[in-house]
Amino acid sequence: MDRGFLTPLEISRATISSAEVKAKLSTTKLLILGMMAGLYIGLGGFAYIIVSQTLGNIDVGLARLLGASVFPVGLMLVVFTGSELFTGNNLMTMAVMDGKITIEGLLRNWILVYLGNFIGSVLLAYAIYNSKLMTEDILSFVLNSGVAKTSIDFHAAFLRGVLCNILVVLSIWSATGSKDMISKVFAIWFPIMLFVLSGYEHSIANMFFIPLAKVAGSNISWIKIWTSNLIPVTLGNIAGGAILVPIIYYISYIIPKE
């Protein structure tokens, strides 16, 4: 009887094989697919804003839960369309450890995808604000969120980034191990819902949330956006998603087989 999922060893090998393909993509493809991924994460983020703001005055806990339940749609779209997301691509370090891609190839992918994610996220923030879909209550929620995210101290932002991307790459890992679409939906949905519900920080999602607040009228400077949130959160995302998880599973599953 055929299994409906891959074993951890098979997932490890599939992750390494995928990284080899990603490292060879052209600059144009990486930028375009990166922009689309930033847009998809932002779409999930705006849905989170709408649900959280709408239910926030009724029950804060319920608002967080239901808001977190719609956010994963963004990553589902990334995975299903084959788009390029920086935080998910942190798993490419497994291929570096296995000697299948170079550090230069890894960094090229990361830099171009990160840039694409940023462009797509900011363009979506501009489009949503100018679509006039933001009510006064949503606008207030967005502005408060922007201030809150740029008021986290560096250490806390870094640790929230670590915890966030442990769950993000594990959702990618689980989706890789799923053989059908429905299984991939659930593999992505639960870990991503958990990170949003817990209040962890995702660098690409914040490329949408904070610029949306800025476009909406917040006086947060771009320097503050980067130094108070995006830089520490990105470093945390790398520590959790590119170092901790890949090293553990490379040592656990690939090295013994060699």
Side-chain angles (χ1 to χ4, degrees), residues 1-25 30 33-34 37 41 72 74-76 78-111 113-114 158-196 198 200 202-204 233-258:
M1 182 177 178
D2 182 47
R3 288 182 285 108
F5 57 90
L6 303 180
T7 66
L9 172 59
E10 291 170 332
I11 295 173
S12 299
R13 289 173 174 167
T15 298
I16 292 171
S17 178
S18 174
E20 292 183 75
V21 175
K22 290 175 179 290
K24 296 176 182 177
L25 291 175
L30 289 173
L33 293 175
I41 296 299
L75 187 58
M76 291 176 196
V78 170
V79 171
F80 298 157
T81 60
S83 299
E84 294 288 310
L85 182 67
F86 169 76
T87 47
N89 286 5
N90 281 178
L91 279 173
M92 290 174 66
T93 52
M94 288 191 77
V96 175
M97 289 183 276
D98 207 46
K100 295 297 191 300
I101 66 173
T102 64
I103 293 178
E104 290 79 7
L106 171 75
L107 293 178
R108 173 180 171 275
N109 178 282
W110 281 4
I111 291 170
V113 170
Y114 192 85
F158 174 82
L159 290 177
R160 293 183 194 184
V162 173
L163 294 169
C164 169
N165 218 29
I166 288 175
L167 289 170
V168 171
V169 297
L170 287 178
S171 72
I172 297 293
W173 178 278
S174 301
T176 301
S178 306
K179 292 185 177 181
D180 62 86
M181 192 73 80
I182 296 300
S183 297
K184 289 181 183 293
V185 166
F186 283 100
I188 294 169
W189 188 57
F190 284 103
I192 301 304
M193 181 187 70
L194 180 58
F195 108 62
V196 177
S198 301
Y200 303 145
H202 187 262
S203 57
I204 311 306
V233 170
T234 298
L235 293 175
N237 288 167
I238 292 172
I243 299 175
L244 183 60
V245 173
I247 287 179
I248 287 174
Y249 291 120
Y250 186 81
I251 292 173
S252 299
Y253 298 117
I254 300 297
I255 290 179
K257 297 299 178 181
E258 296 176 345

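Please read all numbers here as calculations on a predicted model, not as lab measurements.
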Donor + acceptor pair across side chains of Asn90, Asn237 (<3.5 Å)
no

Testing the basics here: between Ile41 and Leu85, what is the closest heavy-atom pair and its distance to 0.1 Å?
CG1-CD1, 3.9 Å

Between Leu33 and Gly82, what is the shortest heavy-atom contact and its length?
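Scanning both residues, the minimum pair turns out to be CD1-O, 3.8 Å.
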
Test of understanding: with side chain to side chain donor-acceptor pair (under 3.5 Å), list the residues that count as partners of [X], not counting sequence neighbours.
{"X": "Asn89", "result": "Lys22, Glu84, Asn109"}
{"X": "Ser171", "result": "none"}
{"X": "Tyr200", "result": "none"}
{"X": "Thr7", "result": "Glu10"}

Starting at [atom1] of [X], measure out to [atom2] of [Y] and round the result to the nearest 0.5 Å.
{"X": "Phe158", "Y": "Ile238", "atom1": "CZ", "atom2": "CD1", "result": "9.5 Å"}
{"X": "Ile254", "Y": "Arg13", "atom1": "CD1", "atom2": "CZ", "result": "6.0 Å"}
{"X": "Asn165", "Y": "His202", "atom1": "CG", "atom2": "NE2", "result": "6.0 Å"}
{"X": "Leu91", "Y": "Thr15", "atom1": "CG", "atom2": "OG1", "result": "6.0 Å"}
{"X": "Met92", "Y": "Leu107", "atom1": "CE", "atom2": "CG", "result": "9.5 Å"}

Tell me, please, which residues at least two apart from [X] pass side-chain contact (heavy atoms from CB on, under 4.5 Å).
{"X": "Val79", "answer": "Leu75, Ile172, Ile188"}
{"X": "Lys100", "answer": "Ile16, Glu20, Ala95, Asp98"}
{"X": "Ser183", "answer": "Ser178, Asp180"}
{"X": "Phe190", "answer": "Phe186, Met193"}

Is there side-chain contact between Phe5 and Lys179, with heavy atoms separated by less than 4.5 Å?
no

Give the table of side-chain donor-acceptor pairs shorter than 3.5 Å for residues 240-249, with sequence neighbours excluded, one pair per line with atom names and distance.
none

Residue pairs, two or more places apart or on separate chains, that pass salt bridge (Lys or Arg N to Asp or Glu O under 4.0 Å) and touch residues 159-176:
none

Evaluate the criterion side chain to side chain donor-acceptor pair (under 3.5 Å) for residue pair Ser203 and Tyr114; output intermediate values, then yes/no.
CA-CA 9 Å; Ser203 57; Tyr114 192 85; 5.1 Å; no

Determine yes or no for a side-chain-to-main-chain donor-acceptor pair under 3.5 angstrom, with Ser18 supplying the side chain and Ala14 the backbone.
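A pair under 3.5 Å: no.
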
Quick check against the 3.5 Å criterion: does Thr102 have a side-chain atom that pairs as donor or acceptor with the backbone of Gly105?
yes

Under the ring-ring contact (aromatic ring centres under 6.0 Å, His included) test, which residues partner Trp110, sequence neighbours left out?
Phe86

Verdict with reasoning, Trp189 to Met76, per side chain to side chain contact (heavy atoms under 4.5 Å, CB included):
CA-CA 8 Å; Trp189 188 57; Met76 291 176 196; 3.7 Å; yes

Does the pair Leu163 and Phe195 meet the rule for a side chain to side chain contact (heavy atoms under 4.5 Å, CB included), with working shown?
CA-CA 8 Å; Leu163 294 169; Phe195 108 62; over 6 Å; no

Let's go through Leu30 and Arg108 carefully: what are the C-alpha distance in whole Å and the side-chain angles of both, what is the deciding distance for side chain to side chain contact (heavy atoms under 4.5 Å, CB included) to 0.1 Å, and is it a yes or a no?
CA-CA 9 Å; Leu30 289 173; Arg108 173 180 171 275; 3.6 Å; yes

Apply side chain to side chain contact (heavy atoms under 4.5 Å, CB included) to residues Leu167 and Ile192 and explain how you reach the verdict.
CA-CA 7 Å; Leu167 289 170; Ile192 301 304; 5.8 Å; no

